[in-house]
Amino acid sequence: MAVPTSFLSRAAAYAGRHLFRAGAFGAMATGAALGTTVACADATERSFIMLKPDAVQRGLVGEIIQRFEKRGYKLVGLKQVTPTLDMAKRHYHDLAARPFFPALTEFLSSGPVVAMVWEGEDVVKQGRAMIGATNPLASAPGTIRGDLAIVTGKNIIHGSDSVETAKAEIELWFDNKELNNYTANAATWIYEGK
Ligand code: RTP
Ligand code: MG
């Protein structure tokens, strides 16, 4: 008997959701067994968020961390580090041809930053929305840059711009052993069906 693809997708998605406690591997295995793909970018999606030297100097670390915590995202990695110029260049490698690249990388390596990994559903896109536009003057009030910054060169925070970029940035800034896999009990009160 032919089973409609849409049914298989729905069944796989349902099974994937309910296997969440068993972890992403369980969801992927379910997808494979049903001959379809279950997106693993749900609650296990991760973003690299960095508080730049201006945020540290201005004492905004706690305020910004609190916004991600209050939203319901889970902190799985955090450290303070003063990046080398080489590290700053590697982080912003896609902007190497831009005229502001030397100033940007010198600024990023001028003092301590707070590097973090946040986990949760749609965290990459939502993190960017919470951060606001590159130019703080174009950022809506309520966003981090819109509330706490004024100029582009001192816009206090970095957030990964795609899931793929996030993976590369997390790998660049963190050793695997520095990342923490744990169950946040609050998830029951943040997500449905968990
Ligand atoms: P970020 O990577 O830091 O999260 O910032 P973003 O995605 O909003 O902006 P992006 O285009 O990736 O630029 C990275 C950082 O470079 C500085 N910038 N300066 N002078 C300029 O025109 C200019 N444009 C960008 C900003 O500090 C920006 O956050
Ligand atoms: Mg960027």
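Indexing begins at 1, ligand by ligand and atom by atom, following the structure's order. This structure is a prediction, so every number in the text was calculated from the model and none was measured.
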Go through ligand 1 atom by atom and flag the ones less than 4.0 Å from a non-hydrogen atom of [X].
X	answer
Gly159	4 (O)
Leu104	15 (C), 16 (O), 17 (C), 27 (O)
Tyr92	1 (P), 2 (O), 3 (O), 14 (C)
Leu95	12 (O), 13 (O), 14 (C)
Thr152	18 (N), 19 (N), 23 (C), 24 (N), 25 (C), 26 (C), 27 (O)

- What part of Lys52, side chain, backbone, both or neither, has a heavy atom within less than 4.0 angstrom of ligand 1? side chain
- Just let me know how Asn155 lines up against ligand 1, side chain, backbone, both or neither, with a heavy-atom cut-off below 4.0 Å. side chain
- Atom CG of Leu179 with >12 non-hydrogen neighbours under 6.0 angstrom: yes
- Message: Looking at Asn176, I'd like to know if its CG atom is crowded, meaning that more than 12 non-hydrogen atoms belonging to other residues, nucleotides or ligands lie closer than 6.0 Å.
- Response: no
- 4.0 Å heavy-atom contact, Phe107 with ligand 1: no
- Item | Partner set under ring-ring contact (aromatic ring centres under 6.0 Å, His included) for Phe174, not counting sequence neighbours | none
- For Ile144, does its backbone N or O pair with a side-chain atom of Asp147 as donor and acceptor, under 3.5 Å? no
- Query: Of the listed options (Lys154, Arg145, Met50, Glu169), which comes nearest to atom 5 (O) of ligand 1 when hydrogens are ignored and any heavy atom counts?
  - Reply: Arg145
- Taking the six-membered ring of Phe48 as reference, does the NZ or CZ atom of Lys167 fall below 6.0 Å from its centre and within a 45° cone about the axis? no
- Task: Identify whether the distance between the nearest side-chain nitrogen and carboxylate oxygen of Asp175 and Lys177 falls below 4.0 Å.
- Result: yes
- Message: The criterion is side-chain hydrogen bond (donor to acceptor under 3.5 Å, both in side chains); which residues satisfy it with Glu63, sequence neighbours excluded?
- Response: Arg67
